[in-house]
Every structure is written in structure tokens, then in C-alpha cells.
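Model, not experiment: these values are computed from the prediction.
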Amino acid sequence: VFGKDINLVLVLSNLSSDRKSIRVDMSASTILYTRRAVAEILKAATSVELGPKQGKHIRVKIPYTHYGKYLTTDKRIQVTALCEVMRSQGLKLLVEKTIILEDTNIIIKVPRRVVVNRAVSLEISYANPLPEPVSRCVLLVTLMNQQVKINLARLAPRERSKIYFEFTPRRAGPLQLQVDFSCDKFSHVKGFVTIAVAPA
């Protein structure tokens, strides 16, 4: 989840009946959706001895403090592990994983019944998932082809807050509401909901 430390486990298994010495070079970078690297956030190397038919786990932690300021709006991190079997004429194995960090910041609560030409109030809840305060918070609400910009108070570390947004639907049918939350430490955290508007 965005704003928290990332914990990974690399599982190595020796399927042969011989003892193996493995060198593992690990790296991680924040990337764009095109897979282009933005910044390297982890580089580590270790050696592992594996007995016949033995398996081992290598635990890797990427703290938020290492990746937070380098993360793009795509919220993607590419992790690679190059595993080299020593004394084996250069036998290597490359393991790659792309992590897409989830946002749990925006929660939109809609009344059970929404009717044409009757005012309705929605609850929009937003949060700061970071271990540090954020300021210059802005909520951009898009509904019925109109955008409303709402300036919000600063949020303490891990604080959640909410506002109430009132509108009157003018026609029956599905209506999509989109919320975009930004601040000085991150931007474009999105939430959306489809509202079923009943005839009057």
C-alpha cells in the first residue's frame, strides 16, 4: 500500500543433489508505466549456500523513506534479482517483479436512493497514508461535466478526514462521480463511483 514499507521475499530452491553457492544481486527502481526507470531506490548483494534439495528465503525491505520522494503518479516499482550460481560456467537467472502500489485514500459513500431533482449529500473521505504531514491539499470533484476544486486543511501523519458534497441530479440513469486528491507530497490519488439515479 502506498505510504508503507514494502516487504518482499525471494525464494531460492536447489533442485539438484549437489551443493550450490549462489550470489544474489538485488536492485529496485521507481518506474513509469512504460517501464522506464526514474530512480534507483535499492541495491544489495548477498551470498547463499544451498544444500542438496534445499530452499531458502531472502527477505528484502524497501522503507517508504527510500522510495517516497522518487515515486511517480504511476506508483510503480520494478524489483530485479540476478542470481548467479558460482563455479557453474556462468549460469545465471534473472527474476523481475513490478509492484503497483495501491491507494486506499479515497472512500465515497452514496445514499441508498438517489432521485432526479432531489438534492443529495455524498460523504467523501480522504487520507494521508504517509508517516509525515502533508499540506496544500486539494480535492477536485468531477460530476455532470463540471469540476469543483476544494481546498482542504493540512493532514497529520496517517490522518483521515472527510467532507460532504451536495448536488442535485438533473436526469435519471447512471452518473459517474470522480474525485482527485493531491497535496505537496503526492498527487492524483483517484476515486470514483457510479451513481444510479432513479426517476422522480
Side-chain angles (χ1 to χ4, degrees), residues 1-9 28-36 38 62-64 67-79 96-200:
V1 177
F2 173 60
K4 296 191 176 179
D5 296 347
I6 299 168
N7 293 291
L8 304 170
V9 178
S29 298
T30 56
I31 60 169
L32 301 172
Y33 74 95
T34 58
R35 292 174 61 98
R36 186 170 74 81
V38 175
I62 308 174
Y64 164 74
Y67 74 80
K69 61 184 176 184
Y70 301 112
L71 207 59
T72 70
T73 53
D74 297 323
K75 295 185 176 60
R76 291 171 187 254
I77 293 174
Q78 179 84 27
V79 182
E96 286 188 326
K97 182 170 182 63
T98 300
I99 301 165
I100 302 173
L101 299 177
E102 293 179 8
D103 285 322
T104 55
N105 293 3
I106 304 289
I107 300 170
I108 304 167
K109 290 185 180 176
V110 182
R112 226 190 320 265
R113 185 164 165 78
V114 178
V115 180
V116 167
N117 294 327
R118 194 179 299 170
V120 59
S121 182
L122 308 176
E123 182 186 289
I124 301 173
S125 168
Y126 54 95
N128 171 16
L130 307 184
E132 55 189 327
V134 296
S135 58
R136 298 201 299 276
C137 302
V138 175
L139 212 58
L140 195 64
V141 181
T142 305
L143 180 70
M144 297 185 293
N145 297 319
Q146 292 187 332
Q147 285 191 332
V148 178
K149 182 179 177 181
I150 305 165
N151 292 310
L152 307 166
R154 71 196 300 273
L155 291 173
R158 313 281 188 211
E159 182 184 1
R160 179 169 284 280
S161 190
K162 60 188 172 185
I163 63 164
Y164 293 90
F165 182 79
E166 189 172 287
F167 74 99
T168 303
R170 296 302 179 198
R171 60 181 177 80
L175 192 63
Q176 190 170 86
L177 174 129
Q178 184 172 312
V179 176
D180 188 310
F181 177 51
S182 295
C183 66
D184 64 332
K185 300 285 195 314
F186 56 85
S187 59
H188 304 303
V189 174
K190 297 182 186 295
F192 68 90
V193 66
T194 300
I195 303 167
V197 182

Trainee: Do F167 and L122 have side chains that get closer than 4.5 Å, going by heavy atoms?
Mentor: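 Yes - at least one pair of side-chain heavy atoms lies under 4.5 Å apart.
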Trainee: Side-chain contact test, heavy atoms from C-beta onward, threshold under 4.5 Å: evaluate it for I150 versus V138 and give yes or no.
Mentor: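 Answer no - side chains too far apart.
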Trainee: Can you confirm whether Q146 is buried at CD, in the sense that more than 12 heavy atoms of other residues, nucleotides or ligands lie under 6.0 Å from that atom?
Mentor: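 Atom CD in Q146 is not packed in, count stays at 12 or less.
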Trainee: Using atom types as modelled, flag every donor-acceptor pair under 3.5 Å from a side chain in residues 108-119 to any protein atom, sequence neighbours excluded.
Mentor:
from, atom 1, to, atom 2, distance (Å)
N117, OD1, R170, NH1, 3.4

Trainee: Does the side chain of T194 reach to within under 4.5 Å of the side chain of L175, using non-hydrogen atoms?
Mentor: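 SC-SC contact between T194 and L175 ruled out.
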Trainee: Looking at every non-hydrogen atom in both residues, tell me the closest pair between L143 and F165 and how far apart they are.
Mentor: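 Scanning both residues, the minimum pair turns out to be CD2-CE2, 4.0 Å.
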Trainee: Taking C-beta and beyond as the side chain, do S161 and L155 meet within less than 4.5 Å on heavy atoms?
Mentor: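 Yes, at least one pair of side-chain atoms sits under 4.5 Å.
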Trainee: Rounded to the nearest 0.5 Å, what separates atom OG in S125 from atom CD1 in I163?
Mentor: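 It is 10.0 Å, given to the nearest 0.5 Å.
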Trainee: Quick one, I6 with L101, criterion side chain to side chain contact (heavy atoms under 4.5 Å, CB included). Give me CA distance, side-chain angles, the key distance, then yes/no.
Mentor: CA-CA 9 Å; I6 299 168; L101 299 177; 3.9 Å; yes
Trainee: When rounded to the nearest 0.5 angstrom, what distance separates CG in L152 from CZ in R136?
Mentor: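 Result: 13.5 Å between the selected atoms.
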Trainee: Are side-chain heavy atoms of F192 and L177 found at a separation under 4.5 Å?
Mentor: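 In short, these two side chains do not touch, never coming nearer than 4.5 Å.
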Trainee: Can you tell me how far CD1 of I106 sits from CD of Q178, rounded to the nearest 0.5 angstrom?
Mentor: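 Going from CD on Q178 over to CD1 on I106, the span is 10.5 Å.
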Trainee: Return the minimal non-hydrogen interatomic distance between T72 and I31, and the atom names on each side.
Mentor: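 Shortest heavy-atom separation between T72 and I31 comes out as OG1-O, 3.6 Å.
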Trainee: Which heavy atom of P131 sits nearest to which heavy atom of P157, and what is that distance?
Mentor: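 Looking at all heavy atoms of both residues, the shortest contact is C-CB, 3.6 Å.
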Trainee: Please list, chain by chain and in numerical order, all residues satisfying salt bridge (Lys or Arg N to Asp or Glu O under 4.0 Å) with R154, sequence neighbours excluded.
Mentor: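 Partners of R154 by the salt bridge (Lys or Arg N to Asp or Glu O under 4.0 Å) criterion come out as none, since no residue qualifies.
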Trainee: Taking only residues two or more places apart in sequence, or in another chain, which ones meet L140 in a side-chain contact (heavy atoms from CB on, under 4.5 Å)?
Mentor: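 side-chain contact (heavy atoms from CB on, under 4.5 Å) check on L140 returns Q147, K149, D180.
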Trainee: Does a donor on one side chain sit under 3.5 Å from an acceptor on the other, for E166 and S121?
Mentor: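 Per modelled atom types, E166 and S121 side chains form no pair under 3.5 Å.
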Trainee: What is the minimum heavy-atom distance between Q78 and T98, and which atoms define it?
Mentor: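 Distance-wise, the nearest heavy atoms are OE1-OG1, 2.7 Å.
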Trainee: Check the angle between the aromatic planes of F186 and F181 and answer parallel, tilted or perpendicular using the 30° and 60° thresholds.
Mentor: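 F186 vs F181 ring planes: perpendicular.
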Trainee: Only one of K4, E132, K69 clears side-chain hydrogen bond (donor to acceptor under 3.5 Å, both in side chains) with Y64; which?
Mentor: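 So, applying the side-chain hydrogen bond (donor to acceptor under 3.5 Å, both in side chains) to Y64 and each of K4, E132, K69, only E132 qualifies.
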Trainee: Under a 4.5 Å cut-off applied to non-hydrogen side-chain atoms, are L8 and I99 in contact?
Mentor: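 Heavy-atom side-chain distance check passes, below 4.5 Å.
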Trainee: Nearest 0.5 Å, what's the OG-CZ distance between S29 and R35?
Mentor: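 It is 11.5 Å, given to the nearest 0.5 Å.
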Trainee: Please report the shortest heavy-atom distance between Y70 and T30, naming the atom on each side.
Mentor: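 Minimum heavy-atom contact is O-OG1, 3.1 Å.
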Trainee: Would you compute the distance between atom CG of N128 and atom CZ of R160 and round it to the nearest 0.5 angstrom?
Mentor: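 CZ of R160 is found 10.5 Å from CG of N128.
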Trainee: Can you name the closest pair of heavy atoms from V197 and R171 and give their distance?
Mentor: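 In this case the closest contact between V197 and R171 is CG1-O, 3.4 Å.
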Trainee: When rounded to the nearest 0.5 angstrom, what is the spacing between OG in S182 and NZ in K190?
Mentor: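 With rounding to 0.5 Å, OG (S182) is 7.5 Å from NZ (K190).
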